[in-house]
2 protein chains.
Amino acid sequence: MTDSSDNHAPTGPLTRAGRSRRDVLKFGSAATLGAVLGGSALLGHAAPAPTPTGSAGLLAPNEPLDILIVNYDGGTLLDFAGPSEIFHRLPNTNVRYASLDGGNVTLEFGVVYGKTERLADIDKTDVILVPGGSDLSAPMRPAYQAQIRRLAERAKHVTSVCNGSLVLAATGVLEGKRSACHWAFVNKLAEYGAIPVPDRFVEDDNGRFMSGGGVTAGIDFALRVAAKLRGQPAAEYTQLVIEYDPAPPFHSGHPSDARPELVAMVDKKLPGASKGLARIPGVR
Amino acid sequence: MTDSSDNHAPTGPLTRAGRSRRDVLKFGSAATLGAVLGGSALLGHAAPAPTPTGSAGLLAPNEPLDILIVNYDGGTLLDFAGPSEIFHRLPNTNVRYASLDGGNVTLEFGVVYGKTERLADIDKTDVILVPGGSDLSAPMRPAYQAQIRRLAERAKHVTSVCNGSLVLAATGVLEGKRSACHWAFVNKLAEYGAIPVPDRFVEDDNGRFMSGGGVTAGIDFALRVAAKLRGQPAAEYTQLVIEYDPAPPFHSGHPSDARPELVAMVDKKLPGASKGLARIPGVR
């Protein structure tokens, strides 16, 4: 469906096949968006496709994009399920899952996530994503930390969701970098030399570092990453396909919005939460 | 942390241990919410705990609640990852996962979800949840349909997310019932005798039937189910813990909001989508 010659015609005459990528943004139509999004983004058979030059971020628009999601025992499913769902739908993108030993990992609540690769078997990745968890003991172990640090140092984009940023920060790669985190843990980032930012999405060094807040923030995070790396139309298309038109039934998604007695309840279970300094297994 | 005697003290004097569940709503404090939510809802070690009488729905407040998520090859991870994350955090709730043959299932994009039980080994469940997928061939097969129908007929609450409602409808249990579905498929419900409703959350028969729209609607759906079955404070607490304070970066989550050329793109990939009549493998 995508004419591959279109990928390399940035300044040609405005024939349908030869429109520049910038014109895709300017004249956006179903036909040109088709070129942007590739042949089968909806059902996941990603095909090479261009993205608008203006929003392609640090990657050249047509390069294949490898995204690695780091899994570990005690991780939280929803931290990476949103990003997984979004990234798999982007054109020319390969999403992989890996853990220290490979195979099945047992997430929070005993949820089993299967057939992960071994981190040591992965030479490099364009994007590394470290999701959070209710127990960070596993990814804070030296062997995990060494693999994450190795892959993060070589990655074009170092990213996290929820308290996965604490795992990244502990490796040292976030030294002096601004980062998001779940609200209950965000200020722990400073203990590892990173700069805590209490936002739902945080970016530093022009997108080399991108991070999301707690759990469900992974969806907003991933749409922003998608727009940066594959162009806004691809992100918007994905948002439409996953019907991300949220309608929370209550005002309780953040301490600034929730009833004080609910915040107090979290503080009771996780002392220090409302100060962003909750303790969690694996973190000093 | 929860004094079990509190569970059976609906009208006693207002000592701290003896406050009624109605008083929990009326006087809601950290201490009483603690009683409502049980000892360790945040980290998932669910403990028996009362819910406010006024919002307990069809279940008696203190009954254990079994929730069964139906898995199948071709299913969509994010359809049930939100509900999973929310339901696991509710007090006195047991979330199970099952497929026809048990073991690993291979979801959309090759994502492997592990260690599911066999549907035939499950006698009954209070809540059955059928998530959607990109290929419904598996759950539309007679053997799957028979198991889903058997469990749905005995369940107190019959629920779905995304086009999982088509799977339920095909079993006949939604005959004459109002149901939600992903926007691209919603009107297919009528072909199976259900009543299509293009909303993000739909309820019929006083909550015996509850359904969510496409993919991410599962989060809003699950918070509403949580409020109905375990009380609003438990739902609000869960919303706070998963930081569900959404901030979509684009206006593109629904055809009514998205740029027309993006809707046209979906129509191109899935003919009939904008009429709610997209075709999908497994559905006639």
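Note that the structure is a prediction, hence the values are computed from the model and not measured. Reminder, nothing fancy here: chain letters follow the sequence lines and each chain counts from 1.
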Exercise. Can you list the steps and then say if A:His254 with B:Tyr244 is a side chain to side chain contact (heavy atoms under 4.5 Å, CB included)?
Worked result: CA-CA 7 Å; A:His254 191 269; B:Tyr244 186 48; over 6 Å; no

Listed partners of [X] passing side-chain hydrogen bond (donor to acceptor under 3.5 Å, both in side chains), at least two apart:
X	value
B:Thr238	none
B:Asp73	none
A:Arg96	A:Glu117

Exercise. Side-chain contact, heavy-atom cut-off 4.5 Å: B:Pro233 with A:Met265?
Worked result: no

Can you measure from [atom1] ([X]) to [atom2] ([Y]) and round to the nearest 0.5 angstrom?
X	Y	atom1	atom2	answer
B:Glu236	A:His251	CD	NE2	10.5 Å
A:Thr106	B:Lys115	OG1	NZ	6.0 Å
B:Cys181	A:Glu243	SG	CD	9.0 Å
B:Leu107	A:Tyr113	CG	OH	7.5 Å

Exercise. When heavy-atom pairs shorter than 4.5 Å are enumerated against chain A, which of B:Ala258, B:Ser252, B:Ala247 gives the highest number?
Worked result: B:Ser252

For this session: Heavy-atom pairs under 4.5 Å with chain A are the metric here; pick the option from B:Ile86, B:Ile219, B:Val111 that has the most.
Result: B:Val111

Exercise. Given the rule in the side chain to side chain contact (heavy atoms under 4.5 Å, CB included) test, do B:Lys269 and A:Tyr237 qualify, once you have shown the distances and angles that lead to the verdict?
Worked result: CA-CA 12 Å; B:Lys269 304 303 170 205; A:Tyr237 179 84; 3.3 Å; yes

I need the minimum non-hydrogen distance between [X] and [Y], along with the two atoms involved.
X	Y	answer
A:Thr216	B:Ile242	OG1-O, 3.0 Å
A:His182	B:Val241	NE2-O, 2.7 Å
B:Phe250	A:Gln239	O-NE2, 2.9 Å
A:Asp220	B:Pro248	OD1-N, 3.3 Å

For this session: Against chain A, label B:Val95 side chain, backbone, both or neither, depending on which of its atoms sit under 4.5 Å from a heavy atom there.
Result: neither

Exercise. Chain B contacts: which residues in residues 75-85 of chain A have a non-hydrogen atom closer than 4.5 Å to it?
Worked result: A:Thr76, A:Leu77, A:Leu78, A:Ala81, A:Gly82, A:Ser84, A:Glu85

Exercise. Could you walk me through whether B:Val112 and A:Tyr97 pass the side chain to side chain contact (heavy atoms under 4.5 Å, CB included) check?
Worked result: CA-CA 10 Å; B:Val112 175; A:Tyr97 304 86; over 6 Å; no

Exercise. So which part of A:Pro255 gets closer than 4.5 Å to some heavy atom of chain B, the side chain, the backbone, both or neither?
Worked result: both

Exercise. Is the backbone of B:Asp245 close enough, under 3.5 Å, to the side chain of A:Arg200 for a donor and an acceptor to pair up by distance?
Worked result: yes

Problem set entry | Stepwise side chain to side chain contact (heavy atoms under 4.5 Å, CB included) check, B:Leu240 with A:Trp183 | CA-CA 10 Å; B:Leu240 180 57; A:Trp183 62 265; 3.6 Å; yes

